[in-house]
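Here's the structure, in structure tokens; my notes come after.
As the structure lists them, so they are numbered: ligands from 1, and atoms in each ligand from 1.
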Amino acid sequence: MFSEKLFKRLYHATHITFLTGAGISAESGVPTFRGKDGLWNNHDVMQLATPLALKTNTDVFWEFYNWRRRLVTDIEPNLGHYALVDFERLISQVTVITQNVDGLHQKAGSTDVLELHGNIMRSRCSECGYLPEADGKILAFDKIPYCPKCNGLIRPDVVLFNENLNSTILYQAQEASATCEVFFSIGTSSLVEPAASLPYIAKANGAYLVEINVERTPLSDNADEFIEGKSGKILPMITVLFEKIREK
Ligand code: OAD
């Protein structure tokens with residue numbers, strides 16, 4: 001199922017980078033975006049995740065985000081998330097770049113996580129930038145929140161459609177992709193930029209490119225290795241095998 005080359009590359013690696021998408025959280029019960037039960041299948045929902053909807057359709061916007069916030073409040077990381085934490089014992093530098101906003105990598109214990117699309121449990125004032133959670137204030141899930149400093153509209157700290165990513169985090173992600181020796185793309189449809197370009201940056205800089213997914217994506221033919229299966233099953237198998245190889 002796994003190639004000898006993968007373990008050889010891991011054995012000599014000092015820095016590995018993971019790019020994760022909704023698929024890694026699917027086994028925790030978080031819906032993915034595309035595919036048959038995908039969140040974006042409903043076109044109206046896609047139109048909700050925009051800065052315009054925040055301004056003009058605020059109550060429905062927050063209803064949607066509060067529904068998603070509730071969804072991730074009670075969920076737990078799965079074996080896939082924990083396997084990435086295990087890699088930190090085995091390789092000196094491990095970077096996790098995630099497109100997910102659910103915070104499950106941090107909850108599992110990963111220490112170097114770059115959240116490309118923000119975090120749904122964080123919020124910020126759309127006017128003055130005030131950060132309620134950083135100030136110890138937890139927002140209620142049942143009403144539209146307003147800023148205690150300037151009365152501006154509070155919004156979730158996530159990247160909405162038509163918005164740019166945080167440039168510092170994107171730069172750090174590009175750097176972690178360019179400098180790693182093995183790059184894993186896990187549970188992402190590889191369709192959304194700029195995340196979709198990160199595996200190509202890694203490969204162009206000499207990394208061994210591995211994709212783990214339940215189905216093939218536009219990246220699959222360009223990966224050095226495509227491993228078909230659920231990340232919650234495949235990733236722990238890789239860490240267990242790799243640990244055994246290292247013990248020999
Ligand atoms: P998608 O919903 O587009 O893709 C999820 C991928 O996970 C698919 O390729 C599935 O085949 C795969 N998958 C599902 N279950 C899996 C499992 N158990 N193990 C491994 N793979 C599995 O989600 P993303 O690629 O993450 O952006 O979507 C990227 C961005 O599009 C999201 O971050 C979001 C969305 O618009 C924003 O909201 C800004």
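Those atoms of ligand 1 with a heavy atom of Val159 less than 4.0 angstrom away are 39 (C). Less than 4.0 angstrom separates some heavy atom of Ala26 from each of these atoms of ligand 1: 15 (N). If you number the atoms of ligand 1 from 1 as listed, the ones under 4.0 Å from a heavy atom of Glu215 come out as 11 (O). Of all atoms in ligand 1, listed by their number and element, those nearer than 4.0 Å to a heavy atom of Trp40 are 35 (C), 36 (O), 38 (O). Every atom of ligand 1 with a heavy atom of Gly229 under 4.0 Å away is listed here by number and element: 19 (N), 20 (C). Under a 4.0 Å criterion applied to the non-hydrogen atoms of Phe161, ligand 1 contributes the atoms 36 (O). Interface atoms of ligand 1 facing Val192, defined by a heavy-atom separation under 4.0 Å, are 29 (C), 30 (C), 31 (O).
Between Val214 and ligand 1 there is a heavy-atom distance shorter than 4.0 Å. Residue contacts with ligand 1: Ala195 is excluded, as none of its non-hydrogen atoms falls under 4.0 Å.
Of the protein's non-hydrogen atoms, the one nearest atom 32 (C) of ligand 1 is Phe33 CE1, 3.4 Å. Here the protein heavy atom with the shortest distance to atom 20 (C) of ligand 1 is Ser231 N, 3.6 Å. The single protein non-hydrogen atom nearest to atom 25 (O) of ligand 1 is Thr188 OG1, 2.7 Å, given as residue, atom name and distance. Shortest contact from atom 16 (C) of ligand 1 to any protein heavy atom: Gly23 O, 3.5 Å. Nearest non-hydrogen protein atom to atom 29 (C) of ligand 1 is Gln99 OE1, 3.3 Å.
Ion pairing of Asp221 with Arg216 is present here, as a side-chain N (NZ or NE/NH1/NH2) and a carboxylate O approach within less than 4.0 Å. Between Lys8 and Glu4 there is a salt bridge, since at least one side-chain N of the basic residue sits less than 4.0 Å from a carboxylate O of the acidic one. Salt-bridge check for Glu243 with Arg89: passed, with a basic side-chain N closer than 4.0 Å to an acidic carboxylate O. Ion pairing between a basic and an acidic side chain is recognised when a charged N comes within 4.0 Å of a carboxylate O; Arg122 and Glu115 show such pairing.
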Working for side chain to side chain contact (heavy atoms under 4.5 Å, CB included), residues Phe61 and Leu153: CA-CA 12 Å; Phe61 175 95; Leu153 190 57; over 6 Å; no
Check against side chain to side chain contact (heavy atoms under 4.5 Å, CB included), Gln93 and Thr95: CA-CA 7 Å; Gln93 193 182 351; Thr95 309; 4.2 Å; yes
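The shortest N or O to N or O distance between His117 and ligand 1 is under 3.5 Å.
Listed for the His117 side chain is a donor-acceptor partner under 3.5 Å among the backbone atoms of Gln99.
Considering Thr98, Val30, Thr32, Asn213 only, the shortest heavy-atom separation from atom 8 (C) of ligand 1 involves Asn213. Residue nearest to atom 5 (C) of ligand 1, selected from Gly187, Ser190, Gly21: Gly187 (by heavy-atom distance). Checking Glu211, Lys230, Arg34, Glu193 against atom 31 (O) of ligand 1, the nearest heavy atom belongs to Arg34.
With a heavy-atom cut-off of 4.0 Å, Ala22 touches ligand 1 through backbone and side chain alike. The part of Glu27 lying near ligand 1 is the side chain, judged by heavy-atom distances below 4.0 Å.
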Considering only distance and modelled atom types, tabulate donor-acceptor pairs under 3.5 Å from the side chains of residues 21-33, sequence neighbours left out.
{"residue": "Ser25", "atom": "OG", "partner": "His81", "partner atom": "NE2", "Å": "3.3"}
{"residue": "Ser25", "atom": "OG", "partner": "Asp102", "partner atom": "OD2", "Å": "2.6"}
{"residue": "Glu27", "atom": "OE1", "partner": "Gly232", "partner atom": "N", "Å": "3.4"}
{"residue": "Glu27", "atom": "OE2", "partner": "Gly232", "partner atom": "N", "Å": "3.0"}
{"residue": "Ser28", "atom": "OG", "partner": "Glu76", "partner atom": "O", "Å": "2.7"}
{"residue": "Ser28", "atom": "OG", "partner": "Asn78", "partner atom": "N", "Å": "3.4"}
{"residue": "Ser28", "atom": "OG", "partner": "Asn78", "partner atom": "ND2", "Å": "3.1"}
{"residue": "Thr32", "atom": "OG1", "partner": "Arg34", "partner atom": "O", "Å": "3.1"}

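Relative orientation of the Trp40 and Phe64 rings is tilted, given thresholds of 30° and 60° on the angle between their planes.
When Ile227, Ile186, Val240 are each tested for a side-chain contact (heavy atoms from CB on, under 4.5 Å) with Leu235, only one passes: Ile186.
Glu181 places a side-chain heavy atom less than 4.5 Å from the side chain of Thr14.
Aromatic ring centres of Phe18 and Phe183 lie farther apart than the 6.0 Å criterion allows.
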